[in-house]
2 protein chains.
Amino acid sequence: MTKDLDQVFAALADPTRRAILAMLLEDDMAVTDVAEPFEMSLVAISKHLGVLTAAGLISQEKRGRVKWCKLEPDALRDASIWMQGFGQFEPVNLEAFERFLESELPDVVEGAAPHAE
Amino acid sequence: MTKDLDQVFAALADPTRRAILAMLLEDDMAVTDVAEPFEMSLVAISKHLGVLTAAGLISQEKRGRVKWCKLEPDALRDASIWMQGFGQFEPVNLEAFERFLESELPDVVEGAAPHAE
DNA sequence: TCCTTATTTAACCTGCGGGTTAAGAGACCG
DNA sequence: CGGTCTCTTAACCCGCAGGTTAAATAAGGA
């Protein structure tokens with residue numbers, strides 16, 4: 001649906017939101033913890049998380065008084081497929097990418113450093 | 001540069017602009033011809049083309065009084081690569097992922113066969 | 001129960017994105 | 001030159017995106 005693509009791309013157009021996605025790539029996080037490294041109010045981050053949720057890029061589950069944010073990478077697939085319709089710029093060698101993943105998989109558990117973009 | 005990603009994703013967030021890109025996928029076009037199928041003014045389309053140009057997604061070359069618009073799919077590459085970091089693959093060591101990308105980047109352009117699915 | 005932590009809602013400000021119409025600037029053609 | 005086609009600039013409108021502070025809601029913990 002074209003509306004979905006609108007939302008996904010619009011969500012990705014903000015550097016704060018991309019940074020949030022990168023953080024969630026490492027682990028699920030509570031709203032407060034997501035907000036911590038940013039120099040804006042918690043309310044603003046909460047709104048960003050709302051945008052990401054509306055776009056389907058993350059999901060939020062409330063446990064107790066804490067709301068956990070989880071990456072939903074499937075939502076990127078449609079956008080990715082749309083872009084690949086342009087063919088010529090095929091992003092990465094997929095075979096090499098898979099080999100890379102296999103070699104990296106054992107390390108998955110320990111968290112990577114914060115992603116300064 | 002994160003600014004570039006901002007512009008690229010923001011440009012892609014508009015359905016009119018995506019439609020324009022799809023049209024240009026088939027052939028280079030003059031501004032007037034790009035505008036023809038849309039139900040908005042030529043000025044509006046001209047602005048959209050300006051946004052796409054600023055994002056590097058297209059280039060415009062003036063020949064005579066006609067300005068030709070050409071798709072520049074390379075600009076999509078960075079965005080596509082960024083998205084590829086998420087995909088269906090769960091937590092990955094980001095540092096290693098970036099190292100991987102750097103090693104792969106030089107090869108990206110050549111040999112990029114269309115991704116038939 | 002009272003206090004604190006976690007998060008959202010409400011109300012608001014400001015700037016920019018996307019559209020309009022009208023006018024201007026260039027390039028071709030008779 | 002005069003007219004016409006192509007495209008941009010200028011001025012404007014409107015709504016929404018992204019931020020703020022202050023207050024409300026919800027869930028633990030002492």
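Quick caveat, the model's predicted, so the values are computed rather than measured. Heavy atoms only: backbone and side chains are in, while hydrogens, waters and symmetry mates are out. Sequence lines set the chain letters: A, B, ... in the order given, protein chains first and strands last, and positions in each chain run from 1.
Between A:Ile20 atom CD1 and D:dG18 atom C1' there is a gap of 12 Å when expressed in whole angstrom units. To the nearest angstrom, C1' of C:dT7 lies 15 Å from CE of A:Met29. Atom CH2 of B:Trp68 is separated from atom P of D:dT8 by 14 Å (rounded to the nearest Å). Straight-line distance from the CE atom of A:Met40 to the P atom of D:dG19: 4 Å, rounded to whole Å. In this entry the distance linking CD of B:Glu61 with C1' of D:dC7 reads 15 Å, nearest Å. Atom C1' of nucleotide D:dT6 and atom CD of B:Glu36 are separated by 15 Å, given to the nearest angstrom. In this entry the distance linking CD1 of A:Ile45 with P of D:dG18 reads 12 Å, nearest Å. Nucleotide D:dA17 holds its C1' atom 14 Å from the CG atom of B:Asp6, rounded to whole Å.
Nearest heavy atoms, A:Leu57 versus A:Ala11: CD1-CB, 3.8 Å.
Contact annotation: B:Arg63 does not reach the phosphate of C:dA27 (side-chain N/O to OP1 or OP2, under 4.0 Å). Put simply, A:Lys67 has a side-chain N or O that comes within less than 4.0 Å of OP1 or OP2 on C:dT8. The side chain of A:His48 places no N or O atom within less than 4.0 Å of a non-bridging phosphate oxygen (OP1 or OP2) of D:dA17. For the pair B:Ser41 and C:dT20, the criterion of a side-chain N or O lying under 4.0 Å from OP1 or OP2 is met.
Contact of B:Arg65 with D:dC5 (side chain to base): a donor-acceptor pair of N or O atoms is detected under 3.5 Å.
Among the heavy atoms of the strands, none lies under 4.0 Å from A:Ala10. Base engagement by B:Val43 is indicated by at least one non-hydrogen atom pair under 4.0 Å involving a base atom.
Residue-to-nucleotide proximity on DNA chain C shows that, of B:Leu42 and A:Lys47, the 5′-proximal contact is made by A:Lys47.
With D:dC7, C:dT7, C:dG26 as the choices, the nucleotide that has an atom nearest any side-chain atom of A:Ala30 turns out to be C:dT7.
Salt-bridge check for B:Asp74 with B:Arg77: failed, with every basic side-chain N at 4.0 Å or more from each acidic carboxylate O.
Put simply, the side chain of B:Thr53 gets close to the backbone of B:Leu49: a donor and an acceptor are under 3.5 Å apart.
The shortest distance between side-chain heavy atoms of A:Phe9 and B:Arg17 does not fall below 4.5 Å. Side-chain contact check for B:Lys70 versus B:Leu24: every heavy-atom pair is 4.5 Å or farther apart.
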